[in-house]
Amino acid sequence: MRHSIERKILVPFLIIVLVPIFIIGAVSMWSSYQSEKQLKQATAQEHLTSLGRYAAKLDDRVKSGDMVEEEAKSLIKIMIDETNGLYVEEADGTLSSEGEVVQSSELDWYNGEAKTSFFTENTVLTEQIEQWNWTLYQPMSFSFYSGSLPNIQKYTLLISIFTGVIAVQITIILAYHLSKPIKNLAAFCKRIALGERTKGMEMNDNRKDEIGVLSSSLKDMVETLDERNAQIDKIKKLNETILNSVHVGMVLVIEGADSVYNEAAQTMMNEDPLLKERLGKLTIHETKRRSEEIWDHKRKEEKVFYAVSYKVLGTSEKQRSIITFEDITHRRKLEQRVERMSRLASLGEMASGIAHEIRNPLAGIKTTTELLTRRLELTKDQLTLTENMLLDIDRVNKIITNILQFSRPMETNPSLLKVDDTLNSLVLLMKTIANEKNVVLHHFENDTEVYVDRDHLRQILLNLILNGINAMPEGGELILSSFQRESDVTIMIADTGVGMEDTVMEKIFDPFYTTRAEGTGLGLSIVHQLVVQNNGEIDVKSILGKGTEFSITFPTGREEK
């Protein structure tokens with residue numbers, strides 16, 4: 001409790017005791033810190049000054065001819081190099097420390113970027129050796145957590161901590177014994193107000209003072225109430241068990257009162273805010289006009305379906321209706337998948353027959369055209385026409401080949417493959433095309449494996465990568481990734497392109513359906529066929545103007561028959 005008696009006793013006393021202890025300790029630490037810092041600075045400055053004086057004496061000897069300047073510089077350089085953390089900048093700008101050349105760009109303090117915080121202080125002492133135009137730098141860092149400061153103040157800290165612990169313990173014991181009886185009584189009253197059971201809870205009915213009398217009377221008063229509450233709880237738990245055991249969401253709409261939801265309904269509504277909004281708007285009048293219907297809307301960029309039914313309950317008091325609803329998204333997807341496979345199978349058989357009938361005369365036309373081109377003396381315009389004719393014949397032949405590939409069952413030779421190896425090779429293959437179209441390829445490796453035909457997996461991913469690149473005419477990003485969930489691995493290909501409308505997305509796997517003038521409309525149909533033949537599933541999500549995401553799920557392995 002925020003304003004309990006125990007806290008009212010405990011908190012002020014702790015503040016009175018601990019604040020002076022903290023202030024004394026902090027002041028002592030700060031004074032020691034300042035003394036240690038001044039001592040270190042004075043020592044370091046004295047060392048720099050002595051180096052400067054020594055350099056002056058050596059320079060005097062150079063001027064008097066007792067030694068050469070290089071020997072003098074060498075002597076002073078030895079002393080500098082033996083000093084830990086001391087830097088020297090010579091006349092030519094060379095910066096060195098302890099005999100090694102240092103790049104000034106790597107030193108924060110040299111570039112003025114050294115940071116100083118509340119607990120850490122950085123400074124740099126300098127000394128000029130004017131005889132040779134040298135500059136000595138001694139960077140220094142002072143902290144409460146380093147150096148001899150903790151050793152100096154350890155007894156002060158121990159005394160402060162020991163005193164604080166004793167004060168806290170004494171305060172807690174006093175506050176506990178003073179507030180325990182009153183807190184027990186308050187907790188007992190609160191449980192009664194909430195309708196909870198009070199058996200087994202510690203009371204103060206053995207005391208002889210007013211608290212004991214009040215506790216004993218209150219305990220006797222609620223015994224009958226506990227018995228009745230037990231009977232009500234049994235009935236309530238039985239009803240809740242029955243209602244929450246079903247997986248179908250149930251809503252009881254009561255005229256002039258709040259609706260009641262079972263556990264399954266609460267779960268589905270928490271996962272789908274739009275469903276919660278639609279259910280919240282239902283009234284008794286609206287439920288009377290309906291019996292069953294299908295709801296569909298977008299949930300997290302995915303279309304979901306609910307089967308909803310209504311039933312008006314007869315009552316003499318307030319009108320009531322019960323609404324039941326079930327998430328049938330997975331069922332609808334399976335139905336659409338079966339319908340798509342059936343449609344593709346029928347179209348494949350028809351396309352195979354048509355392709356065979358066209359391919360033979362097409363080969364004759366191409367051979368005749370090539371023969372006439374070689375034997376006849378054609379003008380430049382006529383030769384151009386025949387070349388265009390041959391190009392169109394090759395295009396038709398390519399379409400027919402794709403149709404035959406689509407209609408003919410493909411043999412699979414599955415094996416355990418690393419997804420990242422295939423994606424890496426395809427990224428390397430498509431990098432040039434992507435760069436030409438200002439598309440950036442991102443591959444996030446996740447060390448997943450799938451049991452699938454190697455060539456089929458490459459063809460599936462290559463088609464989807466090409467589609468993603470083509471969907472970004474002004475450039476963008478193509479993201480390739482994979483993740484494992486239980487015994488399945490899902491490969492994701494997401495682009496930031498133009499996206500698709502729902503009507504377009506429902507037809508993309510249909511043969512000969514394409515949104516590009518140069519497309520044949522068979523690429524995604526073949527992809528779908530290859531995914532199904534390798535025991536996989538393919539799904540697509542798209543937002544118009546934001547991008548499209550394909551997800552292909554394959555098993556990680558299967559038993560050999």
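If you read the sequence from its start, that first residue is 1, and numbering goes on from there.
In summary, of the residues considered (V450, V452, I552), a side chain to side chain contact (heavy atoms under 4.5 Å, CB included) with V489 occurs for V450 alone.
N446 places a side-chain N or O within donor-acceptor distance of the main-chain N or O of S482, the cut-off being under 3.5 Å. A donor-acceptor distance shorter than 3.5 angstrom exists from the side chain of N470 to the backbone of L466, with no hydrogens or angles considered. Panel note: side chain E436, backbone N438; no donor-acceptor pair is recorded below 3.5 Å. N534 places a side-chain N or O within donor-acceptor distance of the main-chain N or O of D453, the cut-off being under 3.5 Å. Remark: the backbone N or O of G476 is not paired with any side-chain donor or acceptor of T496 at under 3.5 angstrom.
Counted by atom type alone, T490 and T553 present one or more donor-acceptor pairs between their side chains at under 3.5 Å.
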Assess whether side chain to side chain contact (heavy atoms under 4.5 Å, CB included) is satisfied between I491 and L457, documenting all intermediate values.
-> CA-CA 11 Å; I491 305 172; L457 179 62; 4.1 Å; yes

Please report the C-alpha distance between L417 and F554 in whole Å, then the side-chain angles of each, then the deciding distance to 0.1 Å, and finally whether the side chain to side chain contact (heavy atoms under 4.5 Å, CB included) criterion is met.
-> CA-CA 11 Å; L417 303 176; F554 289 113; over 6 Å; no

Please test K418 against D447 for side chain to side chain contact (heavy atoms under 4.5 Å, CB included), starting from the C-alpha separation and ending with a verdict.
-> CA-CA 7 Å; K418 289 186 177 293; D447 195 23; 3.7 Å; yes

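Nearest heavy atom pair, residue F325 against residue L275, reads CE1-CD2, 3.8 Å. Summarising the geometry of M268 relative to G249, their closest heavy-atom pair is CE-N, 3.4 Å, with the distance given to 0.1 Å. Of all heavy-atom pairs spanning G497 and M472, the tightest one is CA-CG, 3.4 Å. The two residues L416 and E449 come nearest to each other via the heavy atoms CD2-OE1, 3.4 Å. The two atoms that bring D495 and G468 nearest to each other are OD2-CA, 3.7 Å, heavy atoms only. The two residues N535 and P555 make their nearest non-hydrogen contact at O-CD, 3.4 Å.
Scanning for side-chain hydrogen bond (donor to acceptor under 3.5 Å, both in side chains) contacts around T422 gives an empty result, with sequence neighbours left out. Applying the side-chain hydrogen bond (donor to acceptor under 3.5 Å, both in side chains) test to K431 and every residue at least two apart in sequence or in another chain returns nothing. Scored by the side-chain hydrogen bond (donor to acceptor under 3.5 Å, both in side chains) test, R454 finds no partners at all (sequence neighbours excluded). Taking S542 as the reference, M500, M505, T548 meet the side chain to side chain contact (heavy atoms under 4.5 Å, CB included) condition, with sequence neighbours excluded. Remark: Y310 engages no residue in a ring pair (Phe, Tyr, Trp, His ring centres under 6.0 Å) (not counting sequence neighbours). Residues satisfying the side-chain hydrogen bond (donor to acceptor under 3.5 Å, both in side chains) criterion with H443, sequence neighbours excluded, are D420, N424.
To the nearest 0.5 Å, atoms CE (M269) and CG (L274) are separated by 11.5 Å. We find the OH-OG1 distance between Y261 and T267 to be 13.5 Å, quoted to the nearest 0.5 Å. A distance of 7.0 Å separates CG in L441 from CD1 in I465, rounded to the nearest 0.5 Å. Atom CG of D421 and atom CG of L426 lie 11.0 Å apart (nearest 0.5 Å). To the nearest 0.5 angstrom, D539 atom CG is 9.0 Å from E549 atom CD. Between atom NE2 of residue H528 and atom CD1 of residue I508 there is a gap of 10.0 Å, rounded to the nearest 0.5 Å.
Looking only at side-chain heavy atoms (C-beta outward), F483 and M492 come within less than 4.5 Å of each other. Looking at heavy atoms from C-beta onward, L524 lies out of side-chain contact with I538 at the 4.5 angstrom threshold. In this structure the side chain of L462 never reaches within 4.5 angstrom of the side chain of Q459, judged on heavy atoms. Side-chain contact check for I493 versus L478: some heavy-atom pair is nearer than 4.5 Å. In this structure, the side chains of F550 and V527 stay at 4.5 Å or more apart for every pair of heavy atoms.
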